[in-house]
Amino acid sequence: MELKTKYQYTYFIHPYIVDETRYDKYILKLFKDKKCSFKIFQKEKDLDIYNYFLPQIRNYAFPTFELRGQKLKDFNNLSKEAKSKIVSKQYVACFDYNLSEDIQGKMGEEDGIFFNIAKIQIICFNTGICFLAIKTHLEGNEDFSDLLDFNYRFKSINSEFSSLKDFENIKIQTDIFNDVKDISELISQITGIYEKKVTNNNEELANSNFFVYSYVCIESDRWNEKNEFFNIENEFYKYANCLPRQYLSDFNKTNIEQNLHIIEKFKYSKIALTNSSVNMICSGIDTFNYTKLPYQYENEYFYTYILTLYQKMFLKRLNSDFKEYEKISKMRVKFINFTKQIWEKEITLDDTGSLYYKTIKKTLELDELYEEIKTKYEVIYKDLNIEKNNSYYSIIIILLIFSLIFNTVNILFLMYLLS
């Protein structure tokens, strides 16, 4: 029996780096873009986000919560230039890229998979690390296998393969997007000329594939009190790893679980985490799973994932910058600020949220990366101090020699006069 979905959506997340020296200009570009609107979080409207994150993290990631009453009116009355100056100094800035309406698309030929692009969001950190998140959902389609194919195909449409060939036979047919290349062009328009070009020193940061962040609630007939999860386990592993439907159902689970972490705190929902995806599956037998949960997953959990991806990108960029020895002192200051501002902080008191955050960090191996960088800094900075001290010692010795010569000459001169 075909597995059916009750409700689903998928975010495809594209990270990119803006030249830090031009970050303020990039923020101004977004303010001036008629399709972009600056996102202001409000306590009344976004109460769940406000309550979920602890105050220090909330002030860091959602500074607009502080814009209330007269402050908000004053901000709205400012010019775009004045707004951009304020926002570019904040740690995080969020924008919505407004579409005139849901964009409908089709993947494949006559029997293609129809989908909508419902929302596009831009999230920028003042270090120049930004994320473009595209929300999609399948249109008029309840087949779980189509969701598998869609996630598998769409995650790579911005890769180099799509420009070389008709990758996976993907077609997008809309009034705005005539071809897969149009998605890449849209990304280029949003990231703009301020995107920092990849060099040999930071090539490991370049990954044209999207990160996948997906939610699906399946019909309750396949996962309930009488039907165990074991019956759909193979489909779950495909979904968790963004694999297509035709992937062998008898695959070696041991191999595929090597970089897979699963959160199973509730009976009828599971979150699967890999190095490049976070995918939730739940059963419609619990009404919470298709009423409150999809909203929570799209907000509190989504921004937790973005914060964690940011930490990964930031640490990987620092790690790659070790090749540029002259930057060490500046990098050390950034590393210390990063540690104080976000690394050492708990982000929430919510039990499930804390477990989720810790599991993402474990999956992305952030602790190991942090310790590696910390060790490098300690060694290199110690070497720099030794070199600096050696330079001081050399100068002191030279001065002492000059002083000795000068004093000797003076003594000889005095002896000559006395004689």
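Hydrogens, waters and symmetry mates are skipped; everything else that's a heavy atom, side chains included, is used.
Between K376 and E372 there is a salt bridge, since at least one side-chain N of the basic residue sits less than 4.0 Å from a carboxylate O of the acidic one. Using a 4.0 Å cut-off between charged side-chain N and carboxylate O, E228 and R222 make no salt bridge. A salt bridge is defined here as a Lys NZ or Arg NE, NH1 or NH2 lying under 4.0 Å from an Asp or Glu carboxylate O, and E298 with K119 meets this definition. A salt bridge does not link K29 to D24: none of the charged side-chain nitrogens sits closer than 4.0 Å to a carboxylate oxygen. We find that D146 and R245 are joined by a salt bridge, their nearest charged nitrogen and carboxylate oxygen being less than 4.0 Å apart.
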Show, in sequence, the C-alpha distance, side-chain angles and deciding distance for Y11 and F211, and conclude whether the ring pair (Phe, Tyr, Trp, His ring centres under 6.0 Å) test is met. CA-CA 8 Å; Y11 277 87; F211 286 92; over 10 Å; no
Verdict with supporting geometry, N224 and N227, side-chain contact (heavy atoms from CB on, under 4.5 Å): CA-CA 5 Å; N224 51 45; N227 294 299; 3.3 Å; yes
Mind running side-chain contact (heavy atoms from CB on, under 4.5 Å) on L369 and K316 for me, showing each step along the way? CA-CA 8 Å; L369 182 56; K316 287 181 77 69; 3.7 Å; yes
Give the C-alpha distance, both sets of side-chain angles, the deciding distance and a yes or no for side-chain hydrogen bond (donor to acceptor under 3.5 Å, both in side chains) between S145 and D143. CA-CA 5 Å; S145 56; D143 293 341; 5.1 Å; no
Is there a side-chain hydrogen bond (donor to acceptor under 3.5 Å, both in side chains) between Y370 and T339? Walk through the geometry before answering. CA-CA 9 Å; Y370 180 87; T339 300; 2.9 Å; yes
I'd like to know whether F62 forms a ring pair (Phe, Tyr, Trp, His ring centres under 6.0 Å) with Y50, so could you lay out the CA-CA distance, the side-chain angles of the two residues, the decisive distance to 0.1 Å, and finally the verdict. CA-CA 9 Å; F62 308 98; Y50 186 89; 9.8 Å; no
Do L30 and Y97 pass the side-chain contact (heavy atoms from CB on, under 4.5 Å) test, and can you show the C-alpha distance, the side-chain angles, and the key distance before you say yes or no? CA-CA 9 Å; L30 295 180; Y97 190 85; over 6 Å; no
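Shown here are the side-chain hydrogen bond (donor to acceptor under 3.5 Å, both in side chains) partners of Q121, two or more places apart in sequence or in another chain: Y303.
Nearest heavy-atom pair, A272 versus A240, reported as atom, atom and distance to 0.1 Å: CB-CB, 3.4 Å. Of all non-hydrogen atoms in H14 and F210, the two that sit nearest each other are CB-CE2, 3.6 Å.
H261 and T359 form no side-chain donor-acceptor contact under 3.5 Å, judged by distance and modelled atom types alone.
Using modelled atom types, no side-chain atom of T5 and backbone atom of Q8 make a donor-acceptor pair closer than 3.5 Å. At distances below 3.5 Å, not a single donor-acceptor pair connects side-chain atoms of Y23 with backbone N or O atoms of T127. Between the side chain of D350 and the backbone N or O of T352 there is at least one donor-acceptor pair closer than 3.5 Å. The backbone N or O of L364 sits nowhere less than 3.5 Å from a side-chain atom of N275 that would complete a donor-acceptor pair. No side-chain donor-acceptor contact under 3.5 Å links N116 to the backbone of H137. No donor-acceptor pair under 3.5 Å is formed between the side chain of T10 and the backbone N or O of N151. In this structure a side-chain-to-backbone donor-acceptor pair under 3.5 Å is present from N289 to Y268. Under the 3.5 Å distance criterion, the side-chain polar atoms of S220 are left unmatched by any main-chain donor or acceptor of S283. Using modelled atom types, one side-chain atom of N299 and one backbone atom of Y295 make a donor-acceptor pair closer than 3.5 Å.
The only option from Y290, F302, Y9 that meets the ring pair (Phe, Tyr, Trp, His ring centres under 6.0 Å) definition with Y215 turns out to be Y9. Between I120 and the options N98, I187, D96, I190, a side chain to side chain contact (heavy atoms under 4.5 Å, CB included) holds for only I190. Paired with F150 under the rule ring pair (Phe, Tyr, Trp, His ring centres under 6.0 Å), one option of F144, F114, F12 passes, and it is F12.
Taking the centre and axis of the six-membered ring of F41, the NZ or CZ atom of K39 falls inside the cone set by 45° and 6.0 Å.
Note on residues 267-284: pairs passing salt bridge (Lys or Arg N to Asp or Glu O under 4.0 Å), not counting sequence neighbours, are E264-K270.
Using cut-offs of 30° and 60° for the angle between ring planes, the F229 and W223 rings count as tilted.
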